[in-house]
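These notes concern the structure reproduced below.
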Amino acid sequence: MPSILHAATVLLLHFLLTATFCIGIRTIAGGDGSGFGFSEAPDYRNGVECPVSVNKELVSSCDPSLVHVAMTLDSEYLRGSIAAVHSVLRHASCPENIFFHFIAAEFDPASPRALSKLVRSTFPSLNFKIYIFREDTVINLISSSTRQALEHPLNYARNYLGDILDLCVDRIIYLDSDLVVVDDILKLWNTTLTNSRVIGAPEYCHANLTKYFTDGFWSDTVISRVFQLRKPCYFNTGVMVMDLVRWGEGNYRKRIENWMGIQRKRRIYELGSLPPFLLVFAGNVEAIDHRWNQHGLGGDNVRGSCRSLHPGPVSLLHWSGKGKPWVRLDARKPCPLDHLWEPYDLYKGNLVKDQSPSTTTSIFLGFSSYLL
């Protein structure tokens, strides 16, 4: 028991003291027209050991010395996106050396200008740029899914990163909005994509790949032949390291669109944007340690029931599935793991909730063996 208490204490101190330099939190009112209000995050700064950017005075989206992260940004998942960014900065060894590329939907209720003002007020020193994703690029290729949220055009923005982002960005980490990073993202960035591989992600070769495609797909000996010369493994597209140069050279956007076109004519899968990625890349993915995507914490796509962690250490917690931690917390029906997302939430409605040391310590006691 003393060793468990010691581990929990170490983790709690690590969480509270991660940043070398930070200032206090203040409330930002949603006066920018976005309808949201967030607290200003602590001002996380580089330590003395961090390399100096080649453009220290004017940080550029083209700076190859920075860690480049791409995420979508929209009114529905904004609370999750802000928490995800906060988690990345909090645990980064060199937070000033990270550049965020945010993709916003063209017709989102919150305009790109309002989103930009909100991000800047929440993270005043953040390096970021907002790009506009034209939804008509993909709208005619989207088919119905098991969950309506999966049909949103912004879910398909990852297919077009090579076209949306500045041409000088040749490598990116793509992150979903329903996750938190609890480790230094530089470790993920340092993943080497070997043998000309285009993407890297945690693979799950024990998963039953057949369930991701319809009987009509498997009974068609022509189209199911796509996996014949590969050993395909399931992977989740919410966390990927991507080489955008190789992506463009291989015309992978078009390959994915071709499968989406087939899906529109004859139903070969049920889920939204994931199956086309599996069809194109499964069996040719750089395997990354499972700790970098502890996914499925949102339950399945129908009930969104509570899930537990997979065995092993954790660097990233991912609430893929129907259940989102902010929704369950607000409804006062949280799953146990939702409390691990809660400390990164900057939404102003959470400023009055109980954050007593006893409550926080009891949360971390239950998961200390995973997160250390």
Side-chain angles (χ1 to χ4, degrees), residues 67-72 80 84 87-88 100-101 103 150 154-162 165 169-209 211-213 226-227 230-250 252-253 255-256 259 269 271-298 301 307 309-321:
V67 174
H68 292 268
V69 179
M71 297 178 63
T72 58
S87 72
V88 170
F100 285 88
H101 303 260
I103 297 93
L150 299 176
L154 206 56
N155 284 331
Y156 296 84
R158 72 195 87 190
N159 303 1
Y160 299 91
L161 292 178
L165 305 186
V169 182
D170 56 13
R171 199 166 188 269
I172 202 82
I173 294 174
Y174 176 82
L175 296 179
D176 270 352
S177 297
D178 53 355
L179 55 78
V180 292
V181 176
V182 293
D183 202 346
D184 188 355
I185 200 166
L186 182 62
K187 298 175 184 177
L188 181 60
W189 178 253
N190 287 334
T191 299
T192 300
L193 300 179
T194 61
N195 299 323
S196 299
R197 290 190 174 98
V198 180
I199 65 172
E203 288 186 304
Y204 301 87
C205 295
H206 63 277
N208 182 9
L209 203 68
K211 70 178 184 179
Y212 292 96
F213 301 95
V226 66
F227 292 129
R230 295 187 258 161
K231 291 183 178 179
C233 294
Y234 168 81
F235 66 96
N236 180 278
T237 53
V239 180
M240 296 185 290
V241 178
M242 307 175 70
D243 187 314
L244 296 181
V245 175
R246 295 174 185 172
W247 178 279
E249 291 173 347
Y252 285 98
R253 185 203 78 183
R255 297 190 196 187
I256 289 174
W259 283 112
Y269 53 80
L271 289 174
S273 60
L274 170 63
F277 262 84
L278 294 177
L279 289 163
V280 173
F281 291 109
N284 194 25
V285 173
E286 187 70 39
I288 295 175
D289 194 295
H290 288 179
R291 69 187 300 153
W292 283 104
N293 195 352
Q294 286 270 340
H295 68 288
L297 303 185
N301 283 303
R307 295 271 181 89
L309 289 173
H310 309 301
V314 180
S315 293
L316 185 150
L317 297 157
H318 186 188
W319 279 263
S320 57

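- Shown here for Pro313 and Gln294, the closest heavy-atom pair between the two residues is O-NE2, 3.8 Å.
- Contact check for Trp189 versus Val69: no side-chain heavy atoms found under the 4.5 Å cut-off.
- Applying the side chain to side chain donor-acceptor pair (under 3.5 Å) criterion to Ser177, with sequence neighbours excluded, gives Ser81.
- Side-chain contact check for Trp319 versus Asp176: every heavy-atom pair is 4.5 Å or farther apart.
- Residue pairs meeting the salt bridge (Lys or Arg N to Asp or Glu O under 4.0 Å) criterion with at least one member in residues 232-245, sequence neighbours excluded, are Asp243-Arg246.
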Acceptor/donor pairs from residues 278-287 side chains to any protein atom, 3.5 angstrom cut, sequence neighbours excluded:
from: Glu286; atom 1: OE1; to: Thr194; atom 2: N; distance (Å): 2.8
from: Glu286; atom 1: OE1; to: Thr194; atom 2: OG1; distance (Å): 2.6
from: Glu286; atom 1: OE1; to: Arg197; atom 2: NH1; distance (Å): 3.1
from: Glu286; atom 1: OE2; to: Thr194; atom 2: OG1; distance (Å): 3.4

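- By the side chain to side chain contact (heavy atoms under 4.5 Å, CB included) test, Arg253 is found to be paired with Tyr160, Asp163, Trp247, Glu257, residues two or more places apart in sequence or in another chain being considered.
- With sequence neighbours excluded, the residues satisfying side chain to side chain donor-acceptor pair (under 3.5 Å) with His68 are His101.
- Residues passing the side chain to side chain donor-acceptor pair (under 3.5 Å) test with Asn195, sequence neighbours excluded: none.
- The side-chain contact (heavy atoms from CB on, under 4.5 Å) with Leu316 is formed by just one residue from the set Ile185, Val88, Leu179, Val180; it is Leu179.
- Here the closest heavy-atom approach between residue Arg158 and residue Ser273 is recorded as NH2-OG, 3.8 Å.
- By the 4.5 Å heavy-atom criterion applied to side chains, Asn236 and Ser320 are counted as neighbours.
- Listed for the His290 side chain is no donor-acceptor partner under 3.5 Å among the backbone atoms of Pro311.
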### Query
Checking side-chain contact (heavy atoms from CB on, under 4.5 Å) for the pair Asn293/Tyr204: CA distance, chi angles, key distance, verdict?
CA-CA 11 Å; Asn293 195 352; Tyr204 301 87; 4.2 Å; yes
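- Here the closest non-hydrogen pair linking Val169 and Leu244 is O-CD1, 3.5 Å.
- Applying the side chain to side chain contact (heavy atoms under 4.5 Å, CB included) rule to Asp183 yields the partners Lys187, Arg291, Trp292, Ser315; only residues at least two apart in sequence or on another chain are considered.
- Between His318 and the options Val181, Leu297, Asp178, a side-chain contact (heavy atoms from CB on, under 4.5 Å) holds for only Asp178.
- A search for ring-ring contact (aromatic ring centres under 6.0 Å, His included) contacts involving Phe235 returns nothing, not counting sequence neighbours.
- The closest side-chain heavy-atom distance from Leu188 to Val239 is below 4.5 Å.
- Applying the side chain to side chain donor-acceptor pair (under 3.5 Å) criterion to Arg171, with sequence neighbours excluded, gives no partner residue.
- Between the OG1 atom of Thr191 and the CG atom of Asp289 there is a distance of 9.5 Å, given to the nearest 0.5 Å.
- Partners of Tyr212 according to the ring-ring contact (aromatic ring centres under 6.0 Å, His included) rule, which considers only residues two or more places apart in sequence or in another chain, are Tyr234.
- In terms of heavy-atom proximity, Met242 sits nearest to Leu161 at SD-CD1, 3.7 Å.
- A donor-acceptor contact shorter than 3.5 Å links the side chain of Asp184 to the backbone of Leu186.
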### Audit row: Tyr252, Ile199, side-chain contact (heavy atoms from CB on, under 4.5 Å) steps and yes/no
CA-CA 11 Å; Tyr252 285 98; Ile199 65 172; over 6 Å; no
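- Among residues two or more places apart in sequence or in another chain, the ring-ring contact (aromatic ring centres under 6.0 Å, His included) test is passed with Tyr174 by none.
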